[in-house]
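Read the structure below first, then the notes.
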Amino acid sequence: MMRITDNQHKIAREDFVAEYPNLSQALLDRTLDNLSREDRIFIFPNDLMNSPDLDKDQKILETVNQEIKTGNVIGFLGYGQERLTISSRFSDESNDHFLHYLLQKVLNINLTSLDVGLSPEDKLYQLLVYLFPKYLQAALRKGLYKEYQRFFHNDSHIKGVVDVGNHLKKNLPFTGNIAYTTREFTYDNPLMQLIRHTIEYIKNQKGFGVLLDRNRENITEIIRVTPAYKLADRAKIIRMNKIKPIRHAYFREYRKLQELCLMILSREKHGLGPQAQKVHGILFDVAWLWEEYVYTLLPKGFIHPRNKEKKGGILIFSGGKRKVYPDFYDRERKIVLDAKYKKLEDTEKGINREDLFQLISYSYILKAEKAGLVFPSKHKVVDNEIGKLAGYGALLKKLSIQIPQNASSYNEFCEMMESSEAIFKRNIDKEVGRN
């Protein structure tokens, strides 16, 4: 079985195609933006544009001279009988503790309930439940979803079209009631019902209830607008949503949420199984996760600009409007940092020209005295000087957080990570304190 990790180069194309004939046809050289339009592929963070580090044109599997290389995306993909897992380069054969740890820190959730005995595929699909609140939030930004529904009535307050068939069936001899139907624009439709069923399913899962507590506002809103909810209707609601997927481009986030709910609810019944003759999977942009994780470790005072929301950027020209968005900076303490999920451990190779120039320009515009790249390392803690800038004088550094190898359990991995974080925090305090 071929082991594939992120940032891996030189996988022989011939071997890959032989092992994954269907997946290679479906995935090779396709961009993330293109893949995210597949109904059953989830890329986290789900809104690609929210992630400046996630290049929409980035490919999961890119062909270069008859070899395949991977980037900063990890996860699981399946097609028919084929199963492909792309692990993080810090994982071992059986577990990807590193991915789970990043998700736990960034999403602020407790992942200890991930079942140890599950297959990689099952583990990743269990993570779909963890992602549900984020997809719900993204969809609700478009407002609650309304749709025309036909309702059947039988009373004396007729306000729609008479339903002759039902009227003859129910109201003979005539007692004053008339059977009629109305067409109303309502929130209580199959899609909103599907979301409600998913909420109720997650509520009853051991260890998952806390996920919904943190999103109480959104959950309360869905419950409020679906008064017709009945547990007994679940199979019918699943069927109605499969028959009628949301197709309007404006509701793309609802389409992804609809598919996510179907996968969570259908998996509970019969799994995906080999009958899934479509590409399906869950992928994580580790570069984005790494950046958000590093931010949780930095001392107060650091600004973390948001490219998408155009928040926290710095002006390039004193009288202009154009801005750049470093990952983190502190004007007062004159320091700027960039998170990089790249192999920067090898001091011989140094950093590439683009990353170096980016760091130089950030430090110049901010008049920073120090600038650093923060990356994950395997074998040692890196706290090296890249050099002092000629002319301008800012000190450029490489700083790493060492990712534990060979942890015997997830709990042990977490403890080892906390030790690594303490060393990193001391190193950052040292840099900040010198100003």
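In what follows, every heavy atom counts, from backbone to side chain, and hydrogens, waters and symmetry copies are set aside. Not measured: the values here are computed from a predicted model.
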Hey, are [Y] and [X] close enough side-chain-wise for a donor-acceptor pair under 3.5 Å?
| X | Y | answer |
| --- | --- | --- |
| Arg255 | Gln258 | yes |
| Ser409 | Glu412 | no |
| Glu421 | Tyr293 | yes |
| Arg3 | Ser91 | yes |
| Glu292 | His304 | yes |
| Thr63 | Asp29 | yes |
| Asn72 | Asn7 | yes |

If you compare all heavy atoms of [X] against all heavy atoms of [Y], which two are closest, and at what distance to 0.1 Å?
| X | Y | value |
| --- | --- | --- |
| Tyr341 | Ser88 | OH-CB, 3.9 Å |
| Asp6 | Gly71 | CB-O, 3.2 Å |
| Val73 | Ile86 | O-CG2, 3.5 Å |
| Pro227 | Asp188 | CD-OD2, 3.3 Å |
| Ser400 | Phe424 | O-CD1, 4.0 Å |
| Tyr20 | Arg83 | CE2-O, 3.3 Å |

Checklist entry - Would Lys256 and Glu253 pass as an ion pair if we require N to O under 4.0 Å? => result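 Here Lys256 does not pair with Glu253 in a salt bridge, since their nearest N and O are not under 4.0 Å apart.
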Taking the side chain as C-beta and beyond, is there a heavy-atom pair between [X] and [Y] under 4.5 Å?
| X | Y | result |
| --- | --- | --- |
| Leu265 | Thr198 | yes |
| His197 | Gln193 | yes |
| Glu82 | Pro21 | yes |
| Leu191 | Asn241 | yes |
| Leu289 | Leu99 | yes |
| Leu140 | Glu221 | no |
| Ile246 | Leu257 | no |
| Leu136 | Ile222 | yes |

Starting at [atom1] of [X], measure out to [atom2] of [Y] and round the result to the nearest 0.5 Å.
| X | Y | atom1 | atom2 | value |
| --- | --- | --- | --- | --- |
| Ile401 | Leu399 | CD1 | CG | 9.0 Å |
| Leu84 | Tyr79 | CG | OH | 14.5 Å |
| Lys203 | Ile219 | NZ | CD1 | 8.0 Å |
| Cys414 | Lys105 | SG | NZ | 8.0 Å |
| Leu27 | Arg30 | CG | CZ | 7.0 Å |
| Asp233 | Leu194 | CG | CG | 12.5 Å |

For [X] and [Y], indicate whether the former's side chain and the latter's backbone hold a donor-acceptor pair under 3.5 Å.
| X | Y | answer |
| --- | --- | --- |
| Thr70 | Thr5 | yes |
| Trp290 | Val374 | yes |
| Lys398 | Leu344 | yes |

Next on the checklist: Centre-to-centre under 6.0 Å for Tyr362 and Tyr329, is that the case here?
Outcome noted: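 No - the distance between ring centres of Tyr362 and Tyr329 does not fall below the 6.0 Å cut-off.
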Checklist entry - So, for Trp288 and Phe44, is the gap between ring centers shorter than 6.0 Å? => result yes
Taking the six-membered ring for Trp, are [X] and [Y] parallel (under 30°), tilted (30 to 60°) or perpendicular (over 60°)?
| X | Y | value |
| --- | --- | --- |
| Tyr135 | Phe42 | perpendicular |
| Phe76 | His280 | tilted |
| Tyr145 | Phe251 | perpendicular |

Checklist entry - Among Phe90, Phe98, Phe413, which residue meets the side-chain contact (heavy atoms from CB on, under 4.5 Å) test with Pro404? => result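 Going through the options one by one, the only one that passes is Phe413.
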Next on the checklist: I'd like to know whether Leu337 forms a side-chain contact (heavy atoms from CB on, under 4.5 Å) with Ile428, so could you lay out the CA-CA distance, the side-chain angles of the two residues, the decisive distance to 0.1 Å, and finally the verdict.
Outcome noted: CA-CA 10 Å; Leu337 298 170; Ile428 287 289; 3.9 Å; yes
Next on the checklist: Walk me through whether Leu102 and Phe284 qualify under side-chain contact (heavy atoms from CB on, under 4.5 Å).
Outcome noted: CA-CA 11 Å; Leu102 288 184; Phe284 295 89; over 6 Å; no
Item to check | Met263/Ile282 under side-chain contact (heavy atoms from CB on, under 4.5 Å): CA gap, chis, key distance, verdict | outcome: CA-CA 11 Å; Met263 287 175 95; Ile282 174 171; over 6 Å; no
Item to check | Ile403/Lys378 under side-chain contact (heavy atoms from CB on, under 4.5 Å): CA gap, chis, key distance, verdict | outcome: CA-CA 5 Å; Ile403 312 303; Lys378 238 182 203 182; 5.9 Å; no
Does [X], at its [atom1] atom, have more than 12 non-hydrogen atoms belonging to other residues, nucleotides or ligands within less than 6.0 Å?
| X | atom1 | value |
| --- | --- | --- |
| Lys142 | NZ | yes |
| His248 | NE2 | no |
| Glu418 | CD | yes |

